[in-house]
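As the structure lists them, so they are numbered: ligands from 1, and atoms in each ligand from 1. Since we're looking at a predicted model, the values are computed, not measured. Quick note: numbers below take in every heavy atom, side chains included, and nothing from hydrogens, waters or symmetry partners.
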Amino acid sequence: RADEIVRADGPDPLFTVRLDGGATLRTRRVLVATGVRDGLPDLPGLRERWGKDVLHCPYCHGYEVRDRPLGVLATGPMAVHQALLVRQWSPDVAMFPHDQEFSPGDRERLVAGGITLVEGPAKRIAADERGIRGVELADGRVVERAALFVQSDLVPLDGLLTGLGCARENGLVRTDAMGRTSVPGVSAAGNVVQPFGQVIMAAAQGSAAAMALNADLVEEDVRRAVDRERTTARNAAEFGAAVEALVAATVLGDRGHGL
Ligand SMILES: Cc1cc2nc3c(=O)[nH]c(=O)nc-3n(C[C@H](O)[C@H](O)[C@H](O)COP(=O)(O)OP(=O)(O)OC[C@H]3O[C@@H](n4cnc5c(N)ncnc54)[C@H](O)[C@@H]3O)c2cc1C
């Protein structure tokens with residue numbers, strides 16, 4: 001696990017990566033793909049079911065729970081939109097407004113969309129060894145559900161990038177189409193710079209970034225090779241008879257034997 005990345009001073013990028021065990025790595029380029037932390041609603045029992053039958057993404061999980069009794073727990077402004085997406089997967093969707101206030105217009109949209117509103121704050125997720133049973137409300141009712149959708153906060157784990165001084169834009173580290181950040185030699189890919197992206201997008205960004213880094217390293221190697229060639233040629237051009245006589249006199253003194 002990388003704790004810190006430090007850029008060395010110098011014309012070409014060079015980095016030291018400090019790992020949590022104390023080891024360090026030296027590298028000429030860095031590609032950060034540290035993803036996000038999922039901030040979950042603070043409801044007893046919810047965290048334990050996360051990724052199993054407490055879900056967030058209808059595109060990822062909708063098919064797996066299709067046609068079953070589904071719930072949407074509202075904890076943020078995207079809840080109504082999320083419920084309408086979830087509704088595509090099941091005729092039985094219950095919306096728990098919980099601690100959110102819906103406008104009359106949103107209520108109308110939910111009802112027109114065939115979604116049942118279940119009023120009252122949620123108290124905890126009811127579950128047993130087989131999985132979620134439903135949502136227990138503060139008044140003691142348990143509304144049985146096979147899966148519950150929630151809005152998770154996607155918090156980019158971009159400390160390594162910001163520690164290197166990478167510029168941010170709209171709350172995210174800025175990258176170009178090839179994953180390059182504002183710091184030469186530092187690239188980023190995946191959820192750390194695009195929190196709402198899916199696996200296929202993260203993989204594509206990683207691939208693009210890797211190609212750009214490889215091309216960059218090839219160019220750097222060739223530039224260094226050209227510099228070496230030029231230095232060698234310049235030295236060869238400058239090393240003639242006069243220089244050789246001077247070297248011989250300096251090294252051998254009066255033992256020069258006429259050299
Ligand atoms: C419950 C759930 C279900 C999902 N289902 C789907 C799905 O069905 N289909 C789909 O396309 N997408 C799905 N997604 C989204 C998908 O997981 C992400 O889009 C994808 O994993 C992003 O890939 P990534 O490489 O950017 O980040 P991640 O896959 O999150 O990988 C980041 C890695 O970096 C590591 N890391 C973090 N900090 C450090 C550090 N300092 N040093 C070293 N390593 C570090 C992390 O431990 C992690 O292993 C789901 C997400 C969740 C939460």
Tell me the protein heavy atom at minimum distance from atom 9 (N) of ligand 1, and give that distance in Å.
Cys60 SG, 3.7 Å
Tell me whether atom 12 (N) of ligand 1 lies less than 4.0 Å from at least one protein heavy-atom position.
yes
At a 4.0 Å cut-off, with the gap strictly under it, does some heavy atom of Ala33 reach an atom of ligand 1?
yes
So is Tyr59 touching ligand 1 or not, going by heavy atoms under 4.0 Å?
no
Using a strict 4.0 Å cut-off to heavy atoms of Gly197, name the atoms of ligand 1 that fall inside it.
19 (O)
Note: ligand 1 atoms sitting under 4.0 Å from heavy atoms of Gly190 are 26 (O)
Taking the side chain as C-beta and beyond, is there a heavy-atom pair between Arg174 and Thr181 under 4.5 Å?
no
Leu117 side chain near Leu110 side chain, heavy-atom distance below 4.5 Å
yes
pair Ser187-Val32: side-chain heavy atoms closer than 4.5 Å
no
Based purely on interatomic distance, does His56 place a nitrogen or oxygen under 3.5 Å from a nitrogen or oxygen of ligand 1?
no
Looking at Gln198, which atoms of ligand 1 are within less than 4.0 Å of one of its heavy atoms?
10 (C), 11 (O), 12 (N), 19 (O)
Under 3.5 Å donor-acceptor, Gln88 side chain and Leu85 backbone
yes
Does Asp153 pair with Arg37 as a salt bridge, N-O distance under 4.0 Å?
no
Is Met201 near ligand 1, meaning one of its heavy atoms is under 4.0 Å from it?
no
Taking C-beta and beyond as the side chain, do Arg7 and Pro13 meet within less than 4.5 Å on heavy atoms?
yes
For atom 42 (N) of ligand 1, which protein heavy atom lies nearest, and how many Å away is it?
Ala2 N, 2.9 Å
Pull out every atom of ligand 1 sitting under 4.0 Å from any heavy atom of Trp50, numbered as shown with elements.
53 (C)
Would Phe96 and Val72 count as a side chain to side chain contact (heavy atoms under 4.5 Å, CB included) here? Give the steps.
CA-CA 6 Å; Phe96 300 88; Val72 177; 6.0 Å; no
Using a strict 4.0 Å cut-off to heavy atoms of Ala202, name the atoms of ligand 1 that fall inside it.
22 (C), 23 (O), 26 (O)
Using a 4.0 Å cut-off to any heavy atom of Asn191, which atoms of ligand 1 qualify?
18 (C), 19 (O), 20 (C), 22 (C), 26 (O)
Side chain or backbone, does Gly51 bring an N or O within less than 3.5 Å of an N or O on ligand 1?
no
List ligand 1 atoms under 4.0 Å from Gly35, heavy atoms only on the residue side.
27 (O), 30 (O), 32 (C)
Would you check whether Val199 has a nitrogen or oxygen atom less than 3.5 angstrom from a nitrogen or oxygen atom of ligand 1?
yes
Test log, rule side chain to side chain contact (heavy atoms under 4.5 Å, CB included), inputs Leu19 and Leu25:
CA-CA 8 Å; Leu19 304 181; Leu25 305 170; 4.2 Å; yes
Just by distance, do the side chain of Gln205 and the backbone of Gly190 share a donor-acceptor pair under 3.5 Å?
yes
Taking atom 35 (C) of ligand 1 as the reference point, the nearest protein heavy atom with its distance:
Thr34 O, 4.3 Å
Looking at Arg28 and Glu220, is any side-chain nitrogen of the basic one under 4.0 Å from a carboxylate oxygen of the acidic one?
yes
Considering distance alone, does some N or O of Asp38 sit under 3.5 Å from an N or O of ligand 1?
no
Please report whether the ring centroid of Trp89 lies less than 6.0 Å from that of His61.
no
